[in-house]
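Input: a single structure, listed below in structure tokens.
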Number of protein chains: 2
Amino acid sequence: MPNDTKDLILNAAEALFAEHGFGSTSLRKITTKAGVNLASVNYHFGSKEALINAVFERRIVPMNQQRIERLKGLQEDYSGRSIPLEVLIETFIGPAMALAADQGKGGAVFIRLLGRSYTEPSATLQQAIRGLYGPVIERFKLAFSQVLPELPPEEIYWRMHFMVGLLAYMMAGTDMMRLIASCQVCDPLDIPATVKRLSVFLSAGMGAPQRGGEIESR
Amino acid sequence: MPNDTKDLILNAAEALFAEHGFGSTSLRKITTKAGVNLASVNYHFGSKEALINAVFERRIVPMNQQRIERLKGLQEDYSGRSIPLEVLIETFIGPAMALAADQGKGGAVFIRLLGRSYTEPSATLQQAIRGLYGPVIERFKLAFSQVLPELPPEEIYWRMHFMVGLLAYMMAGTDMMRLIASCQVCDPLDIPATVKRLSVFLSAGMGAPQRGGEIESR
DNA sequence: GTCTATAGTCAGATAGAC
DNA sequence: GTCTATCTGACTATAGAC
């Protein structure tokens with residue numbers, strides 16, 4: 001049922017959370033926008049916090065499945081040989097950006113929300129997201145180690161952290177882009193171009209030679 | 001007066017905003033933590049929103065002054081010659097990271113807040129921050145153009161955007177670092193090491209050769 | 001400048017009829 | 001499953017004594 005009450009609530013909540021944040025979005029605003037009864041949120045989800053988790057699960061689970069499947073396919077295609085760094089990176093950022101481009105499924109709204117969630121202080125939400133991400137991160141960590149064998153494990157972790165962080169920021173996609181006020185040519189909604197630019201930038205960063213001795217391992 | 005009521009409020013607000021976000025932090029919690037009267041926030045600042053702006057101004061103004069001064073010094077030192085890319089990048093991220101290291105001035109708390117503000121939806125706050133950042137961005141944009149003359153202007157804008165974004169994310173510094181669960185060696189509080197790693201990563205990304213034809217300008 | 005008291009609004013959650 | 005009605009508590013903001 002696509003227009004189930006549950007989905008109506010999830011859609012409205014997703015949009016409002018993305019636009020105004022969690023703390024400033026009340027259940028009243030959500031149910032009004034969804035056109036459903038105020039009490040139905042607590043009936044279907046139990047609490048506001050549980051609703052927030054549900055909003056994330058609905059999209060993150062398929063997105064990370066896609067990442068893992070694409071990585072598996074890649075590892076078969078390149079069996080034995082080394083996967084090009086840039087291809088690996090695009091496999092990671094692609095599904096996120098694809099969701100952003102998928103207007104029909106409301107992905108564009110969600111992706112902003114996802115970006116925001118990375119800086120969200122709520123402990124329970126962070127824990128939930130960590131659970132949803134853990135397996136993906138570990139799989140890609142292994143893949144990156146093979147592609148970049150000259151880098152020590154902790155440097156791989158740091159650089160993946162940078163990659164995830166930058167992706168999250170791009171996805172948050174607030175008007176901070178306009179910080180750089182005079183950049184009228186920059187169109188953040190041109191997803192394929194953004195993916196390309198990001199992947200060039202990230203490939204260079206991820207693959208940068210580690211400068212001997214200047215960073216001591218701890 | 002270091003322990004002015006105004007400063008007590010600013011300190012408490014800064015800490016609570018950083019920990020719980022804006023929407024979830026009430027004036028009651030702030031005044032309780034500060035040990036001052038509930039009404040004093042409205043007396044000194046006028047409203048909650050004005051308090052939020054004041055929290056940011058107190059730290060951003062000196063930080064950006066520092067950035068500009070260091071850039072000026074750099075341009076004198078290298079008069080005529082080209083500033084090394086990595087030096088320029090460290091001039092930009094240094095003052096932010098220095099604030100993070102400056103426990104005494106409460107900078108570490110603020111820097112998380114600053115990171116969070118980049119994904120904050122409040123329109124008025126974004127406008128205020130944009131005003132505080134504009135001049136710095138434009139100055140550095142010019143400097144980057146000189147250091148990277150082979151890149152077209154819009155590519156410079158995009159990459160600065162990536163740089164600011166990644167810096168913001170690092171500063172938000174929630175436990176998302178722990179996403180990469182098994183990374184026990186990564187210590188986000190080791191500021192000098194983090195600056196070095198970031199600057200290596202960003203220098204490679206900022207200076208990456210643009211791949212001919214694959215990104216079409218719009 | 002600092003306090004108390006309170007107005008006025010809105011929140012999340014639930015009980016119980018249908 | 002959906003609705004109305006309502007409880008209880010928290011919120012911002014302000015008026016007015018000191």
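Quick note on labels: first sequence line is chain A, next is B, and so on, each numbered from 1.
OP1 or OP2 of dT2(D) lies within a sub-4.0 Å distance of a side-chain N or O belonging to Thr5(A). Remark: Asn37(B) is in phosphate contact with dT4(C), judged by side-chain N or O atoms under 4.0 Å from OP1 or OP2.
Between the CG atom of Asn42(B) and the P atom of dG1(C) there is a distance of 15 Å, rounded to whole Å. As a whole-Å value, the separation of Phe45(B) CZ from dA13(D) P is 13 Å. Atom P of nucleotide dA11(C) and atom CD1 of Ile30(A) are separated by 10 Å, given to the nearest angstrom. Distance, Asp4(B) CG to dG1(C) C1': 10 Å, rounded to whole Å. Between the CD1 atom of Ile52(A) and the P atom of dA11(C) there is a distance of 14 Å, given to the nearest Å.
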request  = Start with the C-alpha distance between Phe92(A) and Leu202(A), add both sets of side-chain angles, then the distance that settles side-chain contact (heavy atoms from CB on, under 4.5 Å), and finish with yes or no.
outcome  = CA-CA 11 Å; Phe92(A) 188 83; Leu202(A) 287 173; over 6 Å; no
Evaluation steps, side-chain contact (heavy atoms from CB on, under 4.5 Å), between Leu113(B) and Phe56(B) = CA-CA 9 Å; Leu113(B) 181 54; Phe56(B) 279 93; 3.9 Å; yes
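Residues Glu14(A) and Arg59(A) have side chains in contact (heavy-atom distance under 4.5 Å, counting atoms from C-beta outward).
Note on ring orientation: taking the six-membered ring where Trp is involved, the planes of Phe162(B) and Trp158(B) are tilted (angle from 30° to 60°).
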Show each protein N/O and nucleotides 8-11 of chain D N/O combination with a separation under 3.5 Å, one pair to a line.
{"residue": "dC11(D)", "atom": "OP1", "partner": "Ser26(B)", "partner atom": "OG", "Å": "2.8"}

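Sequence order on DNA chain D of the closest nucleotides to Leu38(A) and Tyr43(A) puts Tyr43(A) first from the 5' end.
Across Gln127(B), Glu57(B), Met63(B), a single residue satisfies side chain to side chain contact (heavy atoms under 4.5 Å, CB included) together with Leu132(B), and that is Glu57(B).
Classification of Lys72(B) and Glu76(B) as a salt-bridged pair fails, no side-chain N sitting under 4.0 Å from a carboxylate O.
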